[in-house]
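Heads up: the structure comes next, in C-alpha cells.
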Number of protein chains: 2
Amino acid sequence: MPRLGMEPLRRRALIDATLNAVGERGSLDVTMSEIAARAGVSSALAHHYFGAKDDLLFATMRHLLAELHREAVPALREAASPRERLDAVVAVSFSPAQFRAEIVGAWLAFYVAAQQAAPMRRLLRIYARRLHANLMAGLTPLLPRAQAAEVAEATAALIDGLYIRRALKEGEPDPVSAVALVRSYLDLRLGSQGGQA
Amino acid sequence: MPRLGMEPLRRRALIDATLNAVGERGSLDVTMSEIAARAGVSSALAHHYFGAKDDLLFATMRHLLAELHREAVPALREAASPRERLDAVVAVSFSPAQFRAEIVGAWLAFYVAAQQAAPMRRLLRIYARRLHANLMAGLTPLLPRAQAAEVAEATAALIDGLYIRRALKEGEPDPVSAVALVRSYLDLRLGSQGGQA
DNA sequence: TAATTTTGATTGACTCATCAATCAAGAAAA
DNA sequence: TTTTCTTGATTGATGAGTCAATCAAAATTA
C-alpha cells in the first residue's frame, strides 16, 4: 500500500473525515478510531500525522476558516460598491458550501470547544475580526462610524443567530431566506434603495 | 444526618451544581463526581436521585427553561400594549438572571447536545415555539402577518446570536447594549414611534 | 419513656467499558 | 537495504453506573 507522497493526501482525508464526523455528531467527542475509519486508515496513522487528537481538531478548524476565506476573497474583490461588498459578505456566509448542515454543526461544536481551548478561541477571534472588518468596510462609506459599528454588530449577531438556528435543523432557515433576511435588515438600515416594501 | 425530606433539597442542589459546572465549562462533559462534589454529596447519591447522567442533564435543562418561563409570565402580564409586550420579551431574554455568563454557557452547551439527544431537542423546540409565539403576539397587531413572521424570525435570530456572542466572553455584549440593539431593530421595523433617532 | 423496628439517606469500593496514545513490527517502494 | 507508510496489539487513565453496607431519624410498640 505505501505509495510515496501519501502525507498530503492522508492529512486531507483525515481532516475531511474529522469535519464530517464532527459536523454530523455536532460535537467534538468523536473517537480517533471513528475518524480514522472514515478516512480509511488506522487510528495509529492519524496520530502519526497529527500527533494528539487536539492537533487534528485544531487543524480541522483552521481548514474551515481557510475555506471561508478562500471563498470570501474573490467575492469581495468583485464587489464594486460598498453595498455590493456587504451583499458579498452575506452571500458567502450563507453560500451552499458554507451553510450545509455538517459545516454548521462543525462550527457550532468548535464554537463551544473554543470556550475551553485557548488556541481555538484565538482562531475564532480571527474569524470574528475578519467578519467585522469586512462589514465595516462596506458600512463606513454609508453611515456615520458609530451607526456603522452598531449595524456591523447587529449583522454579525444576525448571521451567528441564523447559523445556530440552522444547526437545530428540522426545517429551519434555508440559505435563500437567510440571505433575504439579512439583506432586508441592511436595506432598512441603509435607507432601502433596492429592498421590497 | 438523614433528616426526612432531603429529596427536594438534594435534587435542587444537584441541579444547581450541574448548571454551574456546565455553565463554567461550557460543555456537558463534566463528571458526575464533580457535580456531586459541588453539591456536597457523593456521586452515588446523584445517581440515586436522578438515575443516569443524561437524566440529570435533562432535568437541569428543564430547570433552565422553567426559570425563563417563570420570569417571562409576570413581565408579559404587565405589558399593556403590543410594543410593551415585545419589549418585555427582549427584557427577559437579557435580564440579569438570564444573561449571566454561566447561564449563557449552559444554554450553548445544551443547544449543542440537543443535536444528538432527542429529548433535549424537544425541550429546545418548546423554547423556540414560546419565543416565537410571544413575539408574534406583539407583532401581529402592528404588522401584516407575513411581515410579522419575518420580524419575529429576525428578532429570534438576533437574540440567539447575541447569546452566542456573549458565550465567547471577553468583553462582548453586555445586557444593556444587547437590549438596545434589539429594540433599535424593532423601532426601525415598526416605524420608530418611541426610539431614538 | 425506653426499646425496637422501619425506612430514607448516604457512601466507599468495585466493575466494566471506552478511548487516547504508544510501540514494535511489517509491507511496499526506492 | 534503507526509508516511507501503515497497522494490530497493548497500555493506562478516566468515568459511568452498581451494590452492599452504614447511619440516624421517625414510627411503633411495650
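It should be emphasised that the depicted structure is a prediction, and the values quoted were computed from it without experimental measurement. The chains referred to below are lettered A, B, ... by the order of the sequence lines, with proteins before strands, and numbering in each begins at 1.
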Are Thr155(B) and Tyr185(B) close enough, and set up right, to give a side-chain contact (heavy atoms from CB on, under 4.5 Å), and what steps lead you there? CA-CA 8 Å; Thr155(B) 306; Tyr185(B) 168 71; 3.6 Å; yes
Does [Y] offer a backbone N or O that forms a donor-acceptor pair with the side chain of [X] under 3.5 Å?
X	Y	answer
Asp55(A)	Ala52(A)	yes
Lys53(B)	Thr31(B)	no
Glu84(A)	Ala80(A)	yes

Calculate the interatomic distance between Leu14(B) atom CG and dA9(C) atom P; express it in whole Å.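 Between P of dA9(C) and CG of Leu14(B): 13 Å.
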Within this structure, what is the CZ-to-C1' distance between Arg11(A) and dC5(D), rounded to whole angstrom?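 Distance, rounded to whole Å: 14 Å.
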Can you see whether Ser27(A) engages Gln116(B) through a side-chain donor-acceptor pair at a distance of less than 3.5 angstrom?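 Short answer, no.
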Proximity to DNA chain C (any heavy atom under 4.0 Å), residues of residues 41-57 of chain B only: Val41(B), Ser42(B), Ala44(B), Leu45(B), His48(B), Tyr49(B)
What residues from residues 32-40 of chain A pass a heavy-atom cutoff of under 4.0 Å to DNA chain C?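 Result for residues 32-40 of chain A: Met32(A), sorted by number.
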Would you call the rings of Phe94(A) and Tyr163(A) parallel, tilted or perpendicular, taking 30° and 60° as the class edges? tilted
So how far is it from Gln98(A) CD to Arg100(A) CZ, rounded to the nearest 0.5 Å?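 Reported value, rounded in 0.5 Å steps: 8.5 Å.
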Is it true that Arg83(B) and Asp187(B) make a salt bridge, defined as a side-chain N closer than 4.0 Å to a carboxylate O? yes
Does Arg11(A), at its CZ atom, have more than 12 non-hydrogen atoms belonging to other residues, nucleotides or ligands within less than 6.0 Å?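 Enclosed: over 12 neighbouring heavy atoms sit under 6.0 Å from CZ of Arg11(A).
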Tell me whether Leu76(A) shares a hydrophobic cluster with Val73(A), the cluster being built from Ile, Leu, Val, Met, Phe, Trp, Tyr side chains joined at under 4.5 Å. no
Are OP1 or OP2 of dG8(C) and a side-chain N or O of Arg10(B) less than 4.0 angstrom apart?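 Arg10(B) to dG8(C) OP1/OP2: no side-chain N or O under 4.0 Å.
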Overall bend of the helix from dT1(C)-dA30(D) to dA30(C)-dT1(D) (five pairs an end, 10° steps) is 10°
